[in-house]
Amino acid sequence: MYDIIVKNARIPQGDDTITTNILVKDEKIAGFLDNIEGVAAKEIIDAEGHLTLPGCIDSHTHFMYQGFPHRENFLTGTAAAASGGVTTIIDMPCCSVPSVRSAKQLQLKVDLIQPQALVDFALWGGVTGEDVREGWLDHVQEQADYGVVAFKAYMTPSVPTFPRVTDPEMYEAFKAVAKTGLPVGIHAENYSMCDYYVKEFQKQGRMDGPAWAEARMELAEKVAIELGISFAEDAGARLHIVHMSTGIGAKLVGEAKKRGLNVTSESCPHYLTLNYQESMTKYGAFAKIAPPLRTKKDNEEQWEGINNGSIDFIATDHAPYEIESEKAREGMNIWTAFPGIPGVETMVPIIVSEGYNKGRISLSKLVEILSTNAAIHYGLYPKKGAMHIGSDADFTIIDLDKEWVIEPKKQASMCGYSPLEGMKLKGKVAKTIVRGHLVFEDIEESVLAGLTDEELKTIVHNFPEGIEEKYADEFSKYPYLHSAEYENSYRINHPEVIDKHIREIKGIKAKPGFGQFIKRQSIQILPRKITF
């Protein structure tokens with residue numbers, strides 16, 4: 001007897017599809033059958049003939065529960081992922097207290113977030129300027145041994161617990177990461193350029209939304225990518241450009257690939273669909289991100305980059321902030337509001353609607369950029385990102401014909417804003433299946449609605465029992481693991497707002513804690529495929 005059969009699933013076969021029934025045993029794909037008459041299973045999930053992709057992956061999230069729980073906790077973040085058809089997320093090391101830069105800090109993070117997780121998750125490791133200056137680069141190998149998928153470095157400031165790298169520090173970090181065989185991902189903006197022109201625009205009295213994007217100009221990303229490529233080539237490092245925003249960036253990565261370098265890149269749905277002139281005029285700080293939104297020309301050049309192979313996959317840089325204290329606090333302006341937007345819930349629908357359904361990309365490319373390529377790049381394949389016998393039974397089921405409108409206030413993410421508000425899409429996630437279990441269905445009912453006050457207190461508001469004793473040294477350095485931003489937030493004094501939001505999230509079928517931590521399976525390198 002099988003555990004589950006996913007029937008009437010229309011699965012990709014190159015650029016075509018076939019309708020089949022997927023057999024699941026012990027949370028793995030056990031086979032495919034055209035006819036399941038007489039085949040026994042404990043549960044049957046009907047895909048209803050909808051497009052069924054290997055589970056989609058968001059490889060760049062900042063859920064920020066540890067230290068910044070007013071922005072997003074891991075429960076709301078993974079609920080948003082499940083609602084958006086994402087079966088695995090890979091969370092960043094920087095936006096937490098403490099930041100994650102050692103094996104012990106990695107284990108602390110896993111212990112804190114696993115009880116909240118609804119989908120599976122892997123983790124980035126971290127390397128900073130401080131690690132270079134203090135002689136802590138031995139922590140790079142221990143993080144690799146722990147099972148991280150890659151390492152993140154910032155060329156511009158992030159949070160105080162994750163210092164940026166100077167140019168020589170970045171080079172030293174690249175050499176340390178190169179020894180592990182893992183990718184190093186850089187936030188590619190030239191700090192001096194951004195800092196200088198932001199201050200210049202402020203002196204000029206520019207307070208309009210587009211000023212943010214114009215100050216952090218295309219050139220700041222271009223020269224940062226060029227420097228990163230030069231350093232990676234010399235150090236023998238695998239360079240990955242995270243949340244690349246420009247068309248010229250895609251061309252630079254493509255040229256590096258042609259020269260035989262292991263350089264990869266990701267874009268985000270907002271860099272493919274929004275332009276700064278319109279969005280930052282309309283939404284101001286609610287469209288403020290770093291790197292900033294660019295132009296319509298960049299939108300089109302990035303779609304070209306996806307098709308020619310210079311952009312390897314899509315991620316989101318999901319980094320929401322609290323409206324009351326960080327986006328629209330009294331006296332805040334475009335320069336002082338925090339830069340970040342949500343995205344994990346809308347990534348798959350946007351790429352389906354604006355990419356596949358509009359004919360910008362093929363079905364095989366859709367599978368590559370939402371699932372397969374990230375899984376390979378981060379060493380999770382074929383456990384994740386594949387529809388093979390033995391792979392995890394992760395599926396994203398999409399109703400290609402359903403039309404809907406993005407409404408941030410109704411989304412699972414806790415922030416309640418998005419510059420994508422009002423976007424009309426065709427294509428919506430119908431079901432999300434993780435390891436054979438139905439985690440999300442596009443219906444009103446949700447298991448989260450029934451969580452009691454005591455359950456929410458235990459799962460969301462309190463640390464797991466024994467955690468403070470187990471990590472006494474970290475708690476002594478960072479009391480309660482609180483950030484200054486959390487201490488000054490609105491939600492710190494209004495936990496009932498968080499509880500109400502969680503109970504109103506629709507369609508969640510799994511209980512908190514279902515999601516599992518996934519360590520890197522192996523070291524894998526994406527083949528360089530460039531179309532001239």
Side-chain angles (χ1 to χ4, degrees), residues 61-78 91-117 121-131 133-140 142-143 145-148 151-152 154 157-163 319-322 325-326 338 414 453-495 498-499 502 512-513 515-517 519:
T61 64
H62 301 269
F63 284 169
M64 300 193 271
Y65 164 68
Q66 180 187 331
F68 305 89
H70 60 298
R71 296 173 179 171
E72 191 89 277
N73 55 59
F74 220 74
L75 176 54
T76 58
T78 53
D91 207 49
M92 283 290 175
C94 35
C95 295
S96 62
V97 177
S99 61
V100 179
R101 292 184 276 148
S102 71
K104 188 170 185 179
Q105 289 168 338
L106 282 161
Q107 188 59 54
L108 168 60
K109 180 169 182 173
V110 172
D111 287 348
L112 288 171
I113 65 181
Q114 199 282 322
Q116 298 184 6
F121 61 97
L123 296 176
W124 281 73
V127 60
T128 72
E130 183 182 31
D131 296 312
R133 294 190 298 273
E134 299 296 330
W136 297 340
L137 286 177
D138 57 315
H139 291 175
V140 168
E142 74 174 49
Q143 292 178 76
D145 293 341
Y146 184 87
V148 301
F151 288 87
K152 177 70 176 295
Y154 274 85
S158 172
V159 295
T161 55
F162 203 90
Y321 288 88
E322 186 181 75
S325 67
E326 297 172 324
F338 287 59
M414 204 160 66
D453 290 348
E454 190 59 33
E455 285 174 321
L456 285 169
K457 187 176 179 181
T458 300
I459 296 167
V460 175
H461 300 296
N462 290 346
F463 290 131
E465 188 175 348
I467 204 91
E468 295 185 47
E469 291 76 19
K470 183 177 179 181
Y471 298 97
D473 52 343
E474 297 293 353
F475 276 84
S476 67
K477 293 180 201 172
Y478 308 97
Y480 307 107
L481 307 187
H482 283 187
S483 64
E485 290 82 1
Y486 179 55
E487 293 284 0
N488 294 315
S489 71
Y490 173 79
R491 290 188 177 110
I492 191 173
N493 295 315
H494 296 279
I498 298 174
D499 294 351
I502 289 170
Q516 293 183 354
F517 171 49
K519 293 191 176 187

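Reckoned from all heavy atoms, side chains included, excluding hydrogens, waters and symmetry mates. Sequential numbering from 1 along the given sequence is applied to the chain's residues.
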Ignoring hydrogens and angles, tell me if any N or O in the side chain of E72 forms a donor-acceptor pair with the backbone of M414 under 3.5 Å. yes
Would you check if H70 and S325 make a side-chain contact, meaning some heavy-atom pair closer than 4.5 Å? yes
Donor-acceptor pair, E322 side chain versus Y490 backbone, under 3.5 Å? yes
Heavy-atom side-chain proximity of L481 to L112 below 4.5 angstrom: yes
Closest contact, heavy atoms only, G67 versus S483: O-OG, 2.7 Å
Taken to the nearest 0.5 Å, the spacing of K470 NZ from L108 CG works out to 8.5 Å
Presence of salt bridge, E326 and R71, under 4.0 angstrom: yes
Would you say Y471 and Q107 make side-chain contact, with heavy atoms under 4.5 Å? yes
As a quick check of understanding, evaluate side-chain contact (heavy atoms from CB on, under 4.5 Å) for F517 and L123, giving each step before the final call. CA-CA 8 Å; F517 171 49; L123 296 176; 3.9 Å; yes
When you measure from the side chain of N73 to the backbone of P69, do you find a donor-acceptor pair of N or O atoms at a distance under 3.5 Å? no
Provide the closest heavy-atom pair for E142 versus A103 in the form atom of the first, atom of the second, distance. OE2-N, 2.8 Å
Can you confirm whether F475 sits close enough to F463 that some side-chain heavy atom of one is under 4.5 Å from a side-chain heavy atom of the other? yes
When rounded to the nearest 0.5 angstrom, what is the spacing between CE in M64 and OH in Y321? 5.0 Å
Do side-chain atoms of T128 reach the backbone of F162 as a donor and acceptor pair under 3.5 angstrom? no
Assess whether atom CD of E134 is packed by more than 12 heavy atoms of other residues, nucleotides or ligands within 6.0 Å. yes
So K109 and Y65, do their side chains get closer than 4.5 Å, heavy atoms only? no
Check whether any side-chain heavy atom of F338 lies under 4.5 Å from a side-chain heavy atom of E485, and answer yes or no. yes
Of the non-hydrogen atoms in P495 and H461, which two are nearest, and what is the gap between them? CB-CE1, 3.6 Å
Considering all heavy atoms of both residues, which atom of K152 and which atom of C94 are nearest to each other, and what is their separation? NZ-SG, 4.4 Å
What's the spacing between E465 CD and T458 OG1 if we round to 0.5 Å? 9.5 Å
Is the F63 ring parallel, tilted or perpendicular to the F74 ring (thresholds 30°, 60°)? perpendicular
Under 3.5 Å donor-acceptor, T161 side chain and S96 backbone: yes
Out of curiosity, Y146 OH to Q105 CD, how far, rounded to the nearest 0.5 Å? 11.5 Å
For the student: nearest non-hydrogen atoms of P464 and D111, plus distance: CG-O, 3.5 Å
Would you say the side-chain atoms of S102 pair up with the backbone N or O of H139, donor to acceptor, closer than 3.5 Å? no
Run S476 and D473 through side chain to side chain donor-acceptor pair (under 3.5 Å) and show every step you take. CA-CA 5 Å; S476 67; D473 52 343; over 6 Å; no
Is the shortest heavy-atom distance from the side chain of V140 to the side chain of F151 under 4.5 Å? yes
Any chance you could lay out the side chain to side chain donor-acceptor pair (under 3.5 Å) test for R101 and S99, step after step, and finish with the verdict? CA-CA 6 Å; R101 292 184 276 148; S99 61; 3.0 Å; yes
If you apply the rule side-chain contact (heavy atoms from CB on, under 4.5 Å), what do you find for V97 with H482, and how did you get there? CA-CA 7 Å; V97 177; H482 283 187; over 6 Å; no
Could you state the interatomic distance from NZ (K104) to CG (L106), rounded to the nearest 0.5 Å? 13.0 Å
Within this structure, what is the CD1-CD1 distance for the pair I459 and I502, rounded to the nearest 0.5 Å? 8.5 Å
Here the pair of heavy atoms bringing P93 nearest to G125 is CG-O, 3.3 Å
Are the side chain of Q114 and the backbone N or O of G515 linked by a donor-acceptor pair below 3.5 Å? yes
Pair T78-F121, side-chain contact (heavy atoms from CB on, under 4.5 Å): steps then yes or no: CA-CA 9 Å; T78 53; F121 61 97; 5.9 Å; no
Does the side chain of I498 reach to within under 4.5 Å of the side chain of V460, using non-hydrogen atoms? yes
